[in-house]
Structure formats: C-alpha cells, structure tokens
2 protein chains.
Amino acid sequence: MFRLPDIIRRDRTEPLVAEICAVLRKWNIEPIPFRSQVDIQHEGDRPRSMYLIRSGWIYSYAVLADGQRQILFLHQPGDIAGLADFGAERVSCSMRSLGECVVLPIPFTAIATFSSTAPDIITYLLQKSAQMQSILMRTLTAVGRMEARHRVIWLILMLHERISGSVTTASAVIEIPFNQSEIGDLIGLTNVSVSKMLCQLSDEGFIERKGSKVLLRRVADMQAMINYEPMGFSEGSYLNLKEDYRERDAVKRI
Amino acid sequence: MFRLPDIIRRDRTEPLVAEICAVLRKWNIEPIPFRSQVDIQHEGDRPRSMYLIRSGWIYSYAVLADGQRQILFLHQPGDIAGLADFGAERVSCSMRSLGECVVLPIPFTAIATFSSTAPDIITYLLQKSAQMQSILMRTLTAVGRMEARHRVIWLILMLHERISGSVTTASAVIEIPFNQSEIGDLIGLTNVSVSKMLCQLSDEGFIERKGSKVLLRRVADMQAMINYEPMGFSEGSYLNLKEDYRERDAVKRI
DNA sequence: CGCAGATTTGAAAATCGTCAAAAACCGTGG
DNA sequence: CCACGGTTTTTGACGATTTTCAAATCTGCG
C-alpha cells in the first residue's frame with residue numbers, strides 16, 4: 001500500500017457522491033489506491049462491493065475459454081464499477097486498473113441501509129445503472145454491426161464524448177488510455193486491425209496522432225459517417241430529473 | 001385495441017411485481033396489449049415510461065445508418081424493458097413485440113413516488129437493472145469475441161437458460177421466438193451464416209430441429225465447448241438478497 | 001546505448017458476407 | 001385435401017474483410 005494523494009480532484013462532482021462518501025466514512029470504509037494494471041476483482045468471486053471510482057480509470061472485462069478477452073466497460077471517475085453484480089451469486093466479470101487509480105468500495109450490504117435511510121441514493125444508483133446500460137448497448141451495436149473502420153471511429157468519438165463530458169463538433173485532443181491490443185479487445189478486433197485502421201484514418205486526415213494522444217480533426221465528418229448520436233446524459237442530469245418529477249400528474253395522461 | 005386475455009398467467013412471479021401493479025392500478029394505469037411485430041417505442045422518443053412485460057416477448061434494438069439492425073435484449077415476462085432510458089433525454093433504442101404480448105407501462109415519474117413510499121421497489125428495480133447489465137455483458141462478450149459457430153451455441157444455451165429459468169445439463173426442448181434473420185441481428189451474423197451453423201450443429205447431433213423448436217441433445221458438450229457459465233440469478237434471488245442483509249456487520253470487515 | 005514492449009507492415013489464410021436461386025414451410029381458401 | 005402465394009430457410013459459388021503469422025520498426029526509459 002502506498003499513500004493516498006492528499007487531494008483527490010474531481011472536476012464533475014456528482015450531486016450524491018458526497019453523501020455516499022459521508023455515509024461510508026462513518027463506517028470506516030476508506031478509499032483504496034491501486035497501481036496500474038492490477039486486478040481489482042476477479043470473475044467468479046463472491047460479490048462483496050461495488051467500487052466508486054474517485055480517480056483514474058478501470059475497465060471491466062471477461063476472458064473466454066481460448067484466452068481471448070472482451071473489455072466490457074471503461075469506468076471513469078464518478079462511475080460505479082461492479083453495479084452489475086448486485087444480487088448475483090458470482091461476479092460476472094473481472095476489473096483492472098488502467099493507470100493508478102483510487103476507488104471507494106461500497107459494500108452491497110449498504111444498499112439495504114440506503115434503501116431505508118437514503119432512497120435518493122438508490123434512485124441515483126438506478127440512474128447510474130441505466131446510463132451504463134445505454135453505453136453497453138451502444139458498444140454492442142458497434143461491435144455487432146459495424147465494419148472495423150467504423151468501429152474504430154465509434155471508439156474515438158465515444159471516448160471523446162465520455163472523457164470530455166460532452167459532444168462537440170470542434171476539433172479536440174483526447175488521450176486514449178488503452179494500448180492497441182486493449183482497443184481491439186474493446187471493439188472486437190485484433191491489435192493488427194486496430195493499427196491498420198488508425199494509420200488509415202491518420203493518412204486520410206481524420207485524426208492526428210502523437211503517442212497515446214489523438215487530435216480529432218474532422219469530428220463532424222466522422223460523426224456523420226457512422227451516424228453518431230450523443231448519449232444524451234451529461235453529469236448533473238440527475239438534477240434535471242428531479243425537476244421533471246414535478247409534473248407528476250403526467251402519469252395520468254398515459 | 002383487442003380484448004385483454006381474461007387471465008394473465010405468470011409462472012415465476014416476482015415478489016414485488018404485485019406491489020408495483022397495485023400502485024399502478026391505483027393510478028388507473030392499465031396493461032396494454034400489442035400485436036406481433038409492432039413497435040412499442042421508437043429510438044429518439046422522449047422517455048416516458050418503462051414497460052413491465054406481463055406476457056409475451058419484446059426485444060430492444062438499434063438501427064444503424066446503413067439499415068443494419070442490432071438486437072440488444074430479449075425481454076421476457078417479468079422483465080422491465082426501457083429501464084436503460086431512466087434519466088436520459090432521448091430513448092436510446094426501439095422496442096418491438098415478438099408475438100402478441102401484454103405490457104404494463106410504468107411512468108418514470110413513478111420512480112420518485114416509489115423512492116419515498118416504497119424503497120423496496122427501487123431496490124428491486126436496481127437489481128433488475130443489474131441483471132440486464134450482466135446479460136448485456138454476456139452478449140457483448142459473445143458477439144465481440146466468439147466465432148460464428150460458438151455464437152450460435154451461446155445463443156441456444158442462453159435462450160435455454162432464460163426461457164427455462166435455470167441451467168441443466170439434461171436435454172431439453174426450447175422454442176426460439178426469433179427467425180434466423182433476427183437471430184443474426186442478435187449475435188452479429190447474417191441470416192445465411194445462422195442457417196449454415198444451425199444445419200451444421202444439427203448434422204453433428206448437438207441439436208435436433210422441428211420448425212422453431214430446438215431439442216438440445218448434448219447440452220453439457222455445448223456448455224464445455226464455449227465454457228458457458230450460468231448467469232447465477234434465478235427468479236426469487238431477491239429473497240436471498242434480503243437474507244444477506246442480516247450480515248450487515250460484514251461491512252466492517254472490508 | 002540497449003532493452004522491452006508496442007506498433008507497423010506485408011503476405012497468406014480463414015472466416016464470414018453477398019448474391020441469387022431453389023427448396024421448404026405455413027396459413028388461407030377453394 | 002390440395003393448390004396457392006408469401007415468407008423463411010437452405011445451398012453453392014464467389015468475394016471481401018479480417019485474422020494470423022512473422023519480421024521490422026519505433027518508443028520510452030533506465
């Protein structure tokens with residue numbers, strides 16, 4: 001164990017994250033730091049907690065019989081990894097850190113407590129879970145039905161949206177936290193295909209590359225090419241949601 | 001509109017479904033019947049409700065720019081379709097009935113009510129959402145990293161588990177609610193490939209086919225071939241969960 | 001500078017898709 | 001019971017995309 005960073009920075013603070021942290025602190029649950037490329041949880045474990053990412057990146061993945069790997073989800077700060085295992089007998093996927101990171105374990109048993117004392121938190125978790133589902137569906141659509149070239153473009157646009165927190169058509173630089181083998185494992189290609197496609201996109205002027213940084217040059221063109229739609233939930237949308245509640249009588253209109 | 005069946009049969013009744021129905025009945029929300037192959041919701045709509053399946057099947061799907069389709073999820077009776085759109089600005093996928101079905105709309109605005117008056121229901125929804133996530137992850141793993149033959153086997157085993165409600169290694173007959181084009185859209189193949197693989201599996205004695213019915217002959221062999229693990233949540237696991245809550249002090253042990 | 005890992009490149013092979021035609025299936029109506 | 005029309009499934013030839021394999025090159029870092 002190494003020391004925690006003195007200050008954990010979080011740009012886009014979720015409204016209820018602070019509340020969750022406060023409760024956990026009362027129970028003496030501490031954030032845990034991990035080094036890069038360390039398994040945080042392994043497929044087949046008994047589910048104990050989910051993990052609120054405080055800083056860094058984590059990905060969930062599954063390994064097949066023949067050793068192939070599918071990366072299922074890239075978790076960012078503010079995300080809750082392992083939510084899918086709530087209520088399961090066995091953990092369905094492994095989780096690994098991408099770079100150094102700090103995570104706060106939220107034991108599943110806490111959900112019962114939240115349920116009676118802080119229903120807002122459960123509602124928040126439900127919304128987070130729904131967002132993850134949407135992203136998974138997007139990934140499945142890309143992997144199942146796009147050719148290699150479009151999958152790579154999809155990946156770039158998706159990372160752009162998730163990392164920057166919004167969609168723009170302006171040029172932007174993103175840092176891709178994966179190497180090319182990992183990219184392949186995420187979108188169902190080999191590292192060789194990923195390399196070829198990235199080079200091709202670079203040759204054609206869609207992107208420029210420097211190490212793991214990618215400059216998106218023709219975002220609008222790429223979005224048009226694969227019909228990319230923004231995911232439609234930015235941080236803070238929970239607040240909007242709360243406002244919507246006021247039109248409760250809408251229920252009657254169904 | 002045609003008449004509702006007099007009795008809606010449900011074999012595996014979820015513990016909290018009755019409670020949800022009771023609340024909705026008080027709000028005069030009625031189950032809606034749909035004919036076969038009808039769109040219940042369309043991508044881009046404003047999210048209004050989720051849909052509790054009372055009988056029949058529904059699938060969620062997305063359509064790409066070039067007209068290709070990815071089927072994202074097969075919803076069974078007891079499932080809640082559209083949960084992924086909770087909190088989103090726009091609905092992320094379309095939903096279509098597979099055969100006649102009856103569906104109870106649950107307006108998203110109801111979640112606020114549940115949150116304050118029936119936190120158990122929100123917790124239940126959270127668990128349902130988690131289960132859907134697990135299934136999506138399984139699908140993504142199959143589509144992203146398995147060859148065609150293994151994908152078809154995966155599909156058969158998955159349907160077997162979901163339709164029968166449990167995993168066995170004994171032979172069993174299942175009725176596949178999809179045609180081969182739809183199967184292809186679910187696992188990322190063409191109808192032609194699906195046909196070839198099904199014929200091949202039949203020739204090799206793994207399955208026997210009669211119309212849309214499939215007899216699984218060598219379940220254990222097929223499970224071994226693709227390392228199929230059961231999903232690990234049967235109906236009623238919510239009860240187990242409640243019991244787990246008693247070991248609340250486990251929280252301290254993290 | 002040298003090493004280890006990551007990326008690029010090219011040729012050959014395998015898988016899967018496309019296309020088109022034939023066959024099978026299914027419900028309907030005579 | 002059989003004929004009919006529409007849909008679904010099967011089949012085979014061919015082509016395109018992606019993988020595999022292997023070697024070369026590049027990069028970051030001590």
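In what follows, chains are A, B, ... by sequence order, proteins preceding strands, each numbered from 1. Reckoned from all heavy atoms, side chains included, excluding hydrogens, waters and symmetry mates.
Remark: C1' of C:dT15 and NE2 of B:H150 are 13 Å apart, rounded to the nearest angstrom. Spacing between atom NZ of B:K210 and atom C1' of D:dT9 amounts to 17 Å, rounded to whole angstrom units. When rounded to the nearest whole Å, the span between CG of B:D66 and C1' of C:dG17 equals 13 Å. One interatomic measurement links the two molecules: CD of A:E147 to C1' of C:dG17, which rounds to 12 Å at whole-angstrom precision. At whole-Å resolution of the value, CE in A:M146 and C1' in D:dT18 are 17 Å apart. Here D:dA13 presents its C1' atom at 9 Å from NZ of B:K196, a figure rounded to the nearest Å. Note: CG (B:N191) to P (C:dC16) measures 15 Å, nearest angstrom. Rounded to an integer number of Å, the gap from NZ of B:K213 to C1' of C:dC25 is 14 Å.
One finds no salt bridge joining A:R138 and A:E161 here, because no Lys/Arg side-chain nitrogen approaches an Asp/Glu carboxylate oxygen to under 4.0 Å. A salt bridge links A:D79 with A:K128: at least one charged nitrogen is closer than 4.0 Å to a carboxylate oxygen. With respect to B:D185 and A:R145, a salt bridge is recorded, a charged nitrogen being found less than 4.0 Å from a carboxylate O.
Counting non-hydrogen atoms under 4.0 angstrom, B:G184 reaches nothing in the nucleic acid. Contacts of B:R209 with the nucleic acid, taken as non-hydrogen atoms under 4.0 Å apart, involve only primed sugar atoms and P, OP1 or OP2. Note on A:L189: only backbone sugar-phosphate atoms sit closer than 4.0 angstrom, heavy atoms only; bases stay farther off.
Applying the 4.0 Å criterion to OP1 and OP2 of C:dT8, one finds that A:S195 has a side-chain N or O inside that range. Proximity of B:Q180 to the phosphate of D:dT7: no side-chain N or O atom is located under 4.0 Å from OP1 or OP2. At C:dG17, one or more side-chain N or O atoms of B:S193 fall inside 4.0 Å of OP1 or OP2 (strictly under the cut-off).
Screening B:R218, B:R217, B:K213 for a salt bridge (Lys or Arg N to Asp or Glu O under 4.0 Å) with B:E208, the sole residue that qualifies is B:R217.
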Evaluation steps, side chain to side chain contact (heavy atoms under 4.5 Å, CB included), between A:V219 and A:T168:
CA-CA 8 Å; A:V219 181; A:T168 54; 5.9 Å; no
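Comparing B:R149 and A:C199 along DNA chain C, the residue whose closest nucleotide (by nearest heavy atom) sits nearer the 5' end is A:C199. Comparing A:R145 and A:N179 by the nucleotide of DNA chain C whose heavy atom lies nearest to each, the residue mapping closer to the 5' end is A:N179.
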